[in-house]
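Following: one structure in structure tokens, then a few remarks.
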Amino acid sequence: MRLFNTLTNKVEELILHEAGVVKMYTCGPTVYHFAHIGNLRTYIAEDVLEKSLKYLGYRVERVMNITDVGHLVGDGDNGEDKISMAAKREHKSSKEIAEYYTNCFFDDCDKLNIKRPKVVSKATDNIDEYIKIITKLLDDGYAYISGGNVYFDTSKFPKYYELSGRKIEDLLVAVRDDIELDKFKKNPFDFGLWFTNSKFDNQELQWDSPWGRGYPGWHIECSGIAIKYLGEYLDIHCGAEDAVFPHHTNEIAQSESYLGHDWCNMWVHFGFLNDKNGKMSKSKGEFLTVSLLEEKGFDPLAYRYLCLNSYYHNQLTFSYDILDGAQKAYEKLKNKVKLLDEVGYLQEDSFEKYRELFKKEIEDDLNTPNMLTLIYDVLKDDTVNSYTKYKIIESFDCVLSLSLFENEKCVVGDDLEDYIQNKIEERLRAKKEKNFKLADMIRDELLTKGIKLIDGRDGTTYKLL
Ligand code: AMP
Ligand code: ZN
């Protein structure tokens with residue numbers, strides 16, 4: 001599997017720490033407002049990436065955080081906490097704000113067929129983890145206390161500028177407007193690990209710590225949650241391109257200083273969704289939500305289709321005309337697929353051939369536009385019967401998740417192993433009862449899901465096609 005790696009600025013082979021297992025961390029939303037469709041482009045891409053890896057046969061352990069504390073308005077640790085700001089705006093508690101917008105986020109994900117990662121963890125649920133990491137960073141000289149706050153000392157981490165590929169002078173120019181100089185910092189890009197009262201005005205969310213009552217900085221949550229749930233090594237870390245600096249840069253600095261070794265080799269970043277004014281952003285005030293698209297008569301899955309039709313690393317400019325075009329193409333595709341036979345004889349060779357082609361597109365830097373094109377190739381192929389077309393496209397849709405069929409059956413991922421073992425046992429029972437017809441039906445059913453049973457002397461094993 002090859003992906004565009006921000007760390008090296010090129011498409012590279014994914015090298016795993018443990019064969020067959022992908023440990024994947026994806027930064028979650030800051031739940032102070034509705035997610036806009038730009039944020040959701042990133043989550044669609046991560047969803048397709050996770051499902052694609054599972055399609056290739058990997059076990060994916062994916063973790064996502066929910067930022068419900070610590071994300072300040074300015075990236076340079078300036079401004080108010082975004083959640084506290086929303087609580088004031090809406091006359092609610094911070095907890096109510098976070099809960100409400102977390103639910104809204106997952107409702108949007110449901111509408112877009114974005115599967116919830118197996119582990120989703122709130123920043124506020126892992127305070128002990130951050131305290132443990134910050135304590136060690138202080139002990140080892142990577143952090144310092146100043147003005148009541150704890151800061152990471154970027155001068156102690158020589159690789160600090162590696163991910164962004166930029167020099168300190170360029171960064172200073174690039175982010176000048178955003179960085180309000182904090183007089184407590186030793187170096188301009190040092191960042192807050194723990195804030196005490198010098199940084200908030202009666203902020204509701206506070207915890208006791210060895211450095212006083214306060215709250216964690218934004219970046220530490222992702223290192224804390226990733227290390228807690230996925231261990232010392234990550235295989236893939238994802239986010240949108242704005243996360244490269246400072247968020248992911250800071251995650252690397254604190255994680256590697258804490259762990260004492262490299263942390264993650266593959267950093268995958270998704271291009272922005274832009275509108276006519278540039279990057280769509282919550283802070284600009286006006287942004288598009290899934291509900292708004294629905295109100296205007298669009299199917300959320302037409303938006304998913306639109307996103308899949310562009311390469312993940314490139315920026316994508318949104319307009320209603322483009323969405324309208326995507327909706328028309330998507331509806332046409334659904335109508336074509338509806339005509340396919342749901343029962344019939346499976347042409348195994350064609351089924352395997354197209355699955356292989358689909359895998360090639362996945363492996364070649366997650367080429368979702370080509371993955372979509374392959375559906376049209378299947379539909380046009382005169383040598384493939386209607387039922388086989390149905391089964392091939394159904395299998396693709398386990399990854400693309402466009403709900404192309406009404407009664408779609410997808411088993412990928414976490415439940416796959418249990419599912420297969422149950423089917424193997426069911427088939428064994430059928431054989432013992434001399435019900436060979438049922439046994440064959442079970443074998444064929446698995447085959448249509450890309451699972452080939454292999455009968456050997458020691459029992460039945462399987463291969464993922
Ligand atoms: P936030 O909720 O602001 O923390 O953002 C959630 C995710 O959406 C982060 O990974 C951001 O980098 C990403 N994001 C923010 N704006 C955009 C955009 N216009 N297009 C794509 N992704 C975005
Ligand atoms: Zn993060």
Side-chain angles (χ1 to χ4, degrees), residues 6 24-47 49 62-75 79 81-83 85-86 97-98 101-102 104-106 108-109 112 114 117 120-123 126 130 163 191 216-230 234 236-255 263-264 267-290 303 306-307 310-318:
T6 308
M24 177 173 171
Y25 185 83
T26 51
C27 295
T30 308
V31 282
Y32 70 109
H33 218 318
F34 299 109
H36 60 62
I37 59 170
N39 301 129
L40 291 159
R41 181 192 185 201
T42 293
Y43 298 107
I44 290 172
E46 289 166 350
D47 180 63
L49 176 57
R62 178 172 165 204
V63 174
M64 187 174 88
N65 65 308
I66 297 285
T67 300
D68 56 355
V69 70
H71 194 168
L72 305 185
V73 171
D75 276 348
D81 182 298
K82 292 186 180 190
I83 304 284
M85 194 180 70
I97 289 289
Y101 288 114
T102 302
C104 294
F105 171 72
F106 284 120
D108 286 343
C109 287
L112 290 164
I114 298 170
V120 175
S121 191
K122 293 191 282 187
N126 299 283
Y130 319 141
L163 184 71
F191 54 92
W218 170 36
H219 317 291
I220 193 70
E221 69 180 76
C222 286
S223 295
I225 293 172
I227 292 168
K228 175 173 170 183
Y229 289 101
L230 294 169
L234 283 183
I236 305 181
H237 194 311
C238 305
E241 59 182 303
D242 60 345
V244 173
F245 188 86
H247 185 51
H248 289 169
T249 297
N250 293 351
E251 277 188 45
I252 294 174
Q254 66 205 2
S255 297
W263 182 41
C264 178
W267 289 81
V268 177
H269 290 100
F270 307 105
F272 289 142
L273 183 79
N274 295 325
D275 56 23
K276 58 182 188 316
N277 304 317
K279 180 198 167 200
M280 194 174 286
S281 101
K282 288 186 218 177
S283 52
K284 275 192 197 161
E286 214 177 81
F287 55 81
L288 299 179
T289 59
V290 172
Y303 177 64
L306 170 70
C307 291
S310 73
Y311 171 54
Y312 70 86
H313 194 64
N314 289 349
Q315 297 194 348
L316 173 64
T317 299
F318 177 86

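Remember, it's 1-based here, ligands and their atoms both numbered in the order they're listed. For the single chain, residues carry numbers from 1 onward in sequence order.
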Study note, to complete from the structure: atom 21 (C) of ligand 1 has as its nearest protein heavy atom G38 O, 2.9 Å
Practice item. Quick one: look up the protein heavy atom nearest atom 22 (N) of ligand 1 and list residue, atom name and how far away it is. Key: T42 OG1, 2.9 Å
Practice item. Around atom 13 (C) of ligand 1, find the nearest protein heavy atom and jot down its residue, atom name and distance. Key: A240 CB, 3.5 Å
Check your understanding: Does D108 use its side chain to pair, donor to acceptor, with the backbone of F105 at less than 3.5 Å?
Key -> no
Exercise for review: For F318, enumerate each residue passing the ring-ring contact (aromatic ring centres under 6.0 Å, His included) test, keeping only those at least two apart in sequence or located in another chain.
Suggested key: Y320
Practice item. Tell me yes or no: between the side chains of T102 and D68, is some donor less than 3.5 Å from an acceptor? Key: no
Review point. Does any N/O atom on L273 come nearer than 3.5 Å to any N/O atom on ligand 1?
Key: yes
**Study point:** Value rounded to 0.5 Å, distance of SG in C27 from CD in E221
**Key:** 8.0 Å
Practice item. Using modelled atom types only, decide if a donor and an acceptor are shared between the side chain of S310 and the backbone of C307 within a distance under 3.5 Å. Key: yes
Practice item. Please confirm whether H71 comes within less than 3.5 Å of ligand 1 when only nitrogen or oxygen atoms on both sides are compared. Key: no
Check your understanding: Between R41 (side chain) and Y303 (backbone), is there a donor-acceptor pair under 3.5 Å?
Key -> no
Check your understanding: Looking at ligand 1, does any of its N/O atoms fall within less than 3.5 Å of an N/O of N39?
Key -> yes
Study note, to complete from the structure: Given a cut-off of 2.8 Å, the protein N, O or S atoms lying below it from the Zn ion (ligand 2) are C27 SG, C222 SG, H247 NE2, E251 OE2
Practice item. Please list, chain by chain and in numerical order, all residues satisfying salt bridge (Lys or Arg N to Asp or Glu O under 4.0 Å) with D81, sequence neighbours excluded. Key: none
Point to revise | Interfacing atoms of ligand 1 (cut-off 4.0 Å, heavy-atom, H36) | key: 16 (N), 17 (C), 18 (C), 19 (N)
Practice item. Check L273, N274, D275 against T317 for a side-chain contact (heavy atoms from CB on, under 4.5 Å) and give me the one that passes. Key: N274
Point to revise | Ring centre gap for Y32 and H71 strictly below 6.0 Å | key: no
Exercise for review: Report the residues that fulfil ring-ring contact (aromatic ring centres under 6.0 Å, His included) with F270, sequence neighbours left out, ordered by chain and then residue number.
Suggested key: Y312
Review point. S223 pairs by side chain to side chain donor-acceptor pair (under 3.5 Å) with which of E251, K228, Q254?
Key: Q254
Exercise for review: Please confirm whether E241 comes under 4.0 Å of ligand 1, counting heavy atoms of the residue only.
Suggested key: no
Check your understanding: Looking at ligand 1, does T67 have a heavy atom less than 4.0 Å from it?
Key -> no
Exercise for review: For ligand 1, find out whether one of its N or O atoms is nearer than 3.5 Å to an N or O atom of P29.
Suggested key: no
Check your understanding: Side chain or backbone of M280 under 4.0 Å from ligand 1, or both, or neither, by non-hydrogen atoms?
Key -> both
Study note, to complete from the structure: Here the atoms of ligand 1 under 4.0 Å from any heavy atom belonging to D242 are 11 (C), 12 (O), 15 (C)
Check your understanding: With respect to atom 9 (C) of ligand 1, which of F34, Y43, F318, F105 exhibits the smallest heavy-atom separation?
Key -> Y43
**Study point:** Numbered atoms of ligand 1 (with element) below 4.0 Å of K279, judged on heavy atoms
**Key:** 16 (N), 17 (C), 19 (N)
Review point. What part of T30 sits under 4.0 Å from ligand 1 if we count only heavy atoms: the side chain, the backbone, both or neither?
Key: both
Exercise for review: Determine yes or no for a side-chain-to-main-chain donor-acceptor pair under 3.5 angstrom, with H313 supplying the side chain and H269 the backbone.
Suggested key: yes
Review point. Mind checking whether H219 and H247 have parallel, tilted or perpendicular rings, split at 30° and 60°?
Key: tilted
